[in-house]
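To start, the structure under review is shown below, and the notes come after it.
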Amino acid sequence: MPTKTYLQAINEALRQEMERDPDVFIMGEDVGPFGGCFGVTKGLYEQFGEKRVKDTPITESAIIGAATGAAAAGLRPVCEIMFVDFIGVALDQLFNQAAKMRYMFGGKAKIPMVLRTPQGAGIGAAAQHSQSLEAWFAHVPGLKVAMPATPYDAKGLLITAIRDDNPVVFLEHKLLYGLEGDVPDEPYTVPFGKAQVHREGTDVTIVATAKMLHTSLEAADVLAKDGMSAEVIDPRTLVPFDTDTIVESVKKTHGLVVVHEAVKHAGFGAEIAAQVAELAFDYLDGPIVRVAAPFTPVPFSPPLEQAYIPGVDDVVTAVKKIRA
Amino acid sequence: MSLTEDKLIQMYTTMVRIREFETKVEEFFAAGKIPGFVHLYIGEEAVATGTCAVLTDKDYITSTHRGHGHLIAKGGDLKRMMAELFGKKTGYCKGKGGSMHIADVDLGILGANGIVGGGGPIANGAALAAQYRGTDQVAVCFFGDGASNQGTTQEAMNLASAWKLPVVFVNENNGYGISCPTCKSMAVADIADRAAAYDMPGVVVDGNDVVAVYEAVAEAVDRARRGDGPSLIECKTYRWRGHFEGDACTYRDEAEVQSWMAKDPIKRLREKLLEQGILTEDKDREIRDAIARELEAAVAFAEESPLPAPEEVLEDVYA
């Protein structure tokens, strides 16, 4: 299978969906000849032209609103918000308009739009360019939320997102853009609401999203050396959420550690922990532990930023805490 | 531009239909039959009517919290509207939206909106779809004086202008954002002046003169259909009722209300049409009787329709 980066996988999904469906188009800040702030849309302007790869002014509300209205009128826009942190100035158009139109209108509208946006810390971009805000989106009925962790999933989930008839928030991790992995050349879909078990194990279940999947897989290697077998699961989408796969795993391992890069307080890990507590409490032989960022803005200076981002040691320590 | 007699009668009929509908809503709200909030359009009928008279079913509108008039003028069905206000399953939104969210996508009505300034970016999107497909559809964004100060509205005007989108921004300046008069919320006397910032035409019209509204909108729609981009039309008007039903209106005096009631857009058109012999007292009675019957049927439909079943709360979240 060909090897591609996470970024190339996203680019390929966009290109192939635009080739397949003339109603699919892209808009966002600097997505045109510049190729996107991180280079995700590189080459698409040259292939599809200005009509289908539209540079917008720096007006996030207008971008999301234009996508919402165009989707309501039957097109399939994919809009980019350059950093997830910028959603703050445009949230109304997403959570009060795009997310709710179908319900408010009694099921009479479809809003097939995708909002792509990178999140995550690790490049010294500080507090307004580094957050992980998936819990915000997952809290809004009407939105779907995808968080690919691998190049394969990035392509397959994005194709699913573009073909979905609902507004999908597609959260890319900016530190994964360079990650390489197997990605088929042909278009394919990865279903929403289906977690992937990346490593099977018997002693503890680790549920991890985005970049934390890789941190957790590394932690699983360390734990294996100490004779502990960790099962590592990536939910891949938070809405819809595959509760079953995680509950089944916990019934087998009797322990749960949830890992994400967003702050722990009121993070999506709390939702996962609560669901498991509700459905599989009797199978747990110890407390559920969350590994996540502290409740602070993302700091700038490298040692502070590294202290902020959960690491392999944090995951290993968390597992050992319940498996001591 | 000369309007045909039929068009004038049609616009008169629409204005009366809006007025009578709103009067019924006022009554039923007071009687406790309509839950939630209602924001009535009485006094502003000429704006929605004159604007939508220019449009076809294929054109789009985005409406506001004070949206009943826009929906009726764009061809909304009174039965389904009234049923929605009553929270009934047969309403436009199956009882899930209520007054502030009535929509009829098939008629190009992309929804009333509970968020002041929410509609502009969405109207742009609908216009973008028209431009993308090369159709001659236009999108009208109705918005109030309050919404004119929102960033979303300014962003929408800028993008529409930069991309030459076929949008007409129809501002309904009724003088108050809830209780706050425009003299306190903006430094400009005319919202239309802001069009200059986006290099688009900006005109002020008498929003209580349906013909003036029609003519201004017709010109803007022509421009939009030609591909020359958006326009801003400020319609100076007044709401006779409070911001919402139940508003004590302590922020304005009765003399002001009376002075605007004297400029009743329906009375004005009626007198003009009678004078020109386009309307007769008999014809007027006929129109009003027909509307009364239509409303009676709408109310009966709303009252007799079933409420939604509790389990329907889960439907229509996702497609």
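Order of the sequence lines sets the chain letters (A, B, ...), proteins ahead of strands, with each chain counted from 1. Computed from a predicted model, the values in this text were never measured in an experiment. Basis for what follows: all heavy atoms, side chains included, without hydrogens, waters or symmetry-related copies.
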So, for A:Ala72 and B:Val105, which heavy atoms are closest and what is the spacing to 0.1 Å? O-CG1, 4.3 Å

Considering all heavy atoms of both residues, which atom of A:Asp55 and which atom of B:Trp163 are nearest to each other, and what is their separation? O-CZ2, 3.3 Å

Check the surroundings of atom CD in A:Gln128: do more than 12 heavy atoms from other residues, nucleotides or ligands lie under 6.0 Å from it? no

Turns out that what part of B:Asp106 lies under 4.5 Å from chain A's heavy atoms comes down to neither

Can you find a heavy atom in the side chain of A:Ile63 that is under 4.5 Å from one in the side chain of B:Glu155? no

Is the CZ atom of B:Phe244 crowded by more than 12 outside heavy atoms at less than 6.0 Å? yes

Applying a strict 4.5 Å limit to non-hydrogen atoms, the region of A:Pro77 in contact with chain B is neither

In Å, rounded to the nearest 0.5 Å, how long is the span from CD of B:Gln150 to OG of A:Ser61? 9.0 Å

Is B:Lys94 atom NZ crowded by more than 12 heavy atoms from other residues, nucleotides or ligands, each under 6.0 Å away? yes

Strictly under 6.0 Å, is that where the ring centroids of B:Tyr132 and A:Phe25 end up? yes

Got a sec: does the CG of B:Asp228 have more than 12 other heavy atoms crowding it under 6.0 Å? yes

One option among A:Ile111, A:Val89, A:Asp92, A:Thr68 has the most heavy-atom pairs under 4.5 Å with chain B, and it is A:Asp92

Spatial distance of atom CZ (B:Arg133) from atom CG (A:Asp23) [nearest 0.5 Å]: 5.5 Å

Choice from A:Met27, A:Lys110, A:Lys51 maximising heavy atom contacts with chain B below 4.5 Å: A:Lys51

Region of B:Asn113 in contact with chain A, defined by heavy-atom distances below 4.5 Å: side chain

Flag the one option from A:Leu143, A:Asp165, A:Leu75 with the top tally of heavy-atom pairs under 4.5 Å to chain B. A:Leu75

Nearest 0.5 Å, please: how far is CD1 in B:Ile115 from NZ in A:Lys100? 8.0 Å

When B:Gly108, B:Gly97, B:Gly118 are compared by non-hydrogen pairs under 4.5 Å with chain A, the top option: B:Gly118

Can you check whether B:Pro121 reaches A:Ile64 side chain to side chain, under 4.5 Å on heavy atoms? no

So which bits of residues 307-319 of chain B come within less than 4.5 Å of chain A, counting non-hydrogen atoms only? B:Val313, B:Glu315, B:Asp316, B:Val317, B:Tyr318, B:Ala319

Below 4.5 Å, heavy atoms only, C-beta onward: do A:Lys54 and B:Leu128 meet side chain to side chain? yes

Can you tell me how far the SG atom of B:Cys93 sits from the NZ atom of A:Lys108, to the nearest 0.5 Å? 6.5 Å

Distance, nearest 0.5 Å, that separates CD of A:Glu60 from OG1 of B:Thr152: 13.5 Å

Please state whether the side chain, the backbone, both or neither of A:Lys144 comes within less than 4.5 Å of a heavy atom of chain B. both

